[in-house]
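Okay, so here's the structure we're looking at.
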Amino acid sequence: MSMKTAISYPTEGGMGETGSWRVFKPVIDESKCIKCWLCWIYCPEGVIVKKEYPEVDYEYCKGCGVCANECPVKAIKMEREKK
Amino acid sequence: MVAIKKFPEEEYILKGTAACPGCPITIALRTALKALGKKTILIVPASCSAVVQSLVPKTSFGVPTLNIAFAASASAASGVAAALKMLGKEDVTPVVWAGDGGTYDIGIQALSGAFERGENFIYVCYNNQMYSNTGIQRSGATPYGAWTTTTWTGKKEIQKELGEIVMAHHIPYIATASIAYIDDLYDKMKKAKEINGPRYIEILAPCPPGWRFDMSKTVEIARLAVQTGAWVLYEAINGEVKLTSYSKMLLKRKERRPIEDYLKLQGRFRNLTEEDINKIKKNIDEKWKRYMEIYKEKEEKQ
């Protein structure tokens with residue numbers, strides 16, 4: 001009798017496009033940003049990308065608002081999604 | 001201490017996990033894996049972390065992960081460490097990533113055995129002070145007065161101090177961390193990676209649905225826990241206890257913030273009476289008195 005072990009492979013979007021869970025979306029005001037990168041490191045999903053300024057991947061952002069709460073200069077605002 | 005700006009940019013947690021929004025596990029694990037690097041094998045018992053990986057045939061963890069039975073995480077890690085030694089791959093670090101249920105209660109027998117044998121792995125307990133995955137039941141780590149579905153009038157017992165139980169095993173490295181003081185967490189992970197033998201790190205992980213607070217406040221609550229003294233950041237290298245980061249400042253110059261600041265934000269402490277709050281205060285004061293004594297002893301020796 002042969003047994004197979006269930007093996008999973010690393011994939012982005014294991015749970016689908018989690019951006020659809022979002023009610024509020026974070027919007028970054030680049031003029032206020034001081035590039036401390038706290039939003040980048042505190043983001044539970046890792047959807048904030050380090051570019052010249054932080055950029056949010058809205059395809060996967062769940063809209064928890066940790067980034068907006070932790071931003072020391074309040075450069076991130078949570079805006080209601082329009083659908 | 002490494003500045004946040006200089007943390008490695010590689011991500012080992014892939015976007016689109018099954019975690020709740022605002023989950024502290026992925027915050028902690030992202031940073032931990034940044035510190036440990038890709039030569040890491042995760043051993044995950046039954047816990048939220050097993051769910052966060054999402055569904056077969058996909059996984060959101062970018063490092064090899066072994067999912068194992070609840071009570072077996074430390075034994076499985078011992079086996080992985082032994083196999084790696086036989087294969088001559090000793091640059092790979094086996095890391096147990098377990099919740100507090102799998103550490104304080106169900107996994108403690110395997111944990112104690114592996115630590116006593118001096119097995120070579122890191123044991124990380126992310127402590128959300130309850131069985132979150134099965135629907136918020138009380139665990140040995142649930143603090144006094146907290147509501148859970150099995151202690152719906154508030155827990156009547158004080159939580160145990162697992163850090164001190166582990167300290168009784170005389171292992172080379174023990175540390176506590178918080179997701180709010182993330183550079184401290186990164187530092188401790190880096191340090192643990194370089195040490196041989198059993199290493200134990202415990203991370204406080206405030207759980208939004210379980211602790212009943214808004215999902216945007218995960219990091220804020222973790223910070224308040226340290227600033228009020230309810231959670232202490234320390235590390236013990238070869239048995240020598242040293243407070244770190246903000247807790248070290250509390251010892252010397254800063255005043256502890258009133259505990260109400262921390263309790264008020266959490267729905268699980270909504271039904272506390274004044275008597276309960278005084279009991280929690282007394283417990284924290286006693287804990288800090290102990291640390292003060294250790295600290296003073298050290299000052300006198302120098």
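Quick note on labels: first sequence line is chain A, next is B, and so on, each numbered from 1. Only heavy atoms go into these numbers, but all of them, side chains included; no hydrogens, no water, no symmetry mates. Bear in mind the structure is a predicted one, so any value in this text is a computation, not a measurement.
For chain A, the option among B:S60, B:A18, B:A3 with the highest count of heavy-atom pairs below 4.5 Å is B:A18. Each of B:D214, B:I179, B:I27 has some count of heavy-atom pairs under 4.5 Å with chain A, and the biggest count is that of B:I27. Taking A:G65, A:G14, A:A68 one by one and counting their heavy-atom pairs under 4.5 Å with chain B, the maximum is reached by A:G14.
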Verdict with supporting geometry, B:L55 and A:M15, side-chain contact (heavy atoms from CB on, under 4.5 Å): CA-CA 7 Å; B:L55 305 170; A:M15 219 52 199; 4.1 Å; yes
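Listed by chain and residue number, nothing satisfies the salt bridge (Lys or Arg N to Asp or Glu O under 4.0 Å) test with A:E59 (two or more places apart in sequence, or in another chain). Not a single salt bridge (Lys or Arg N to Asp or Glu O under 4.0 Å) links B:R212 to another residue, sequence neighbours left out.
Only the backbone of B:F61 comes within contact range of chain A, with at least one heavy atom under 4.5 Å from a heavy atom of that chain. Residue A:T11 touches chain B through both its backbone and its side chain, counting heavy-atom pairs closer than 4.5 Å.
Summarising the local packing, NZ of B:K6 is surrounded by 12 or fewer heavy atoms from other residues, nucleotides or ligands at distances under 6.0 Å. In A:K35, the NZ atom is crowded: over 12 heavy atoms of neighbouring residues, nucleotides or ligands sit closer than 6.0 Å. When the shell of 6.0 Å around NZ of B:K193 is examined, it contains more than 12 heavy atoms from other residues, nucleotides or ligands. The environment of NZ in B:K248 is sparse: at most 12 heavy-atom neighbours from other residues, nucleotides or ligands sit within 6.0 Å.
Scanning residues 40-52 of chain A against chain B with a 4.5 Å non-hydrogen threshold yields A:W40, A:I41, A:Y42, A:C43, A:P44, A:E45, A:G46, A:V47, A:K50, sorted by number.
Put simply, the side chain of B:K217 never gets that close to the backbone of A:V66: no donor and acceptor are under 3.5 Å apart. A donor-acceptor pair under 3.5 Å links the side-chain atoms of A:K62 to the main chain of B:A19, judged by distance alone.
Every pair passing side-chain hydrogen bond (donor to acceptor under 3.5 Å, both in side chains) that includes a residue from residues 19-31 of chain B is listed here, sequence neighbours excluded: B:E11-B:R30.
With rounding to the nearest 0.5 angstrom, the NZ atom of B:K5 is 9.5 Å from the CG atom of A:L38. Rounding to the nearest 0.5 Å places OG of A:S8 at 10.5 Å from NZ of B:K58.
A:E70 and B:R223 are joined by a salt bridge, as a carboxylate oxygen and a charged side-chain nitrogen come within less than 4.0 angstrom of each other.
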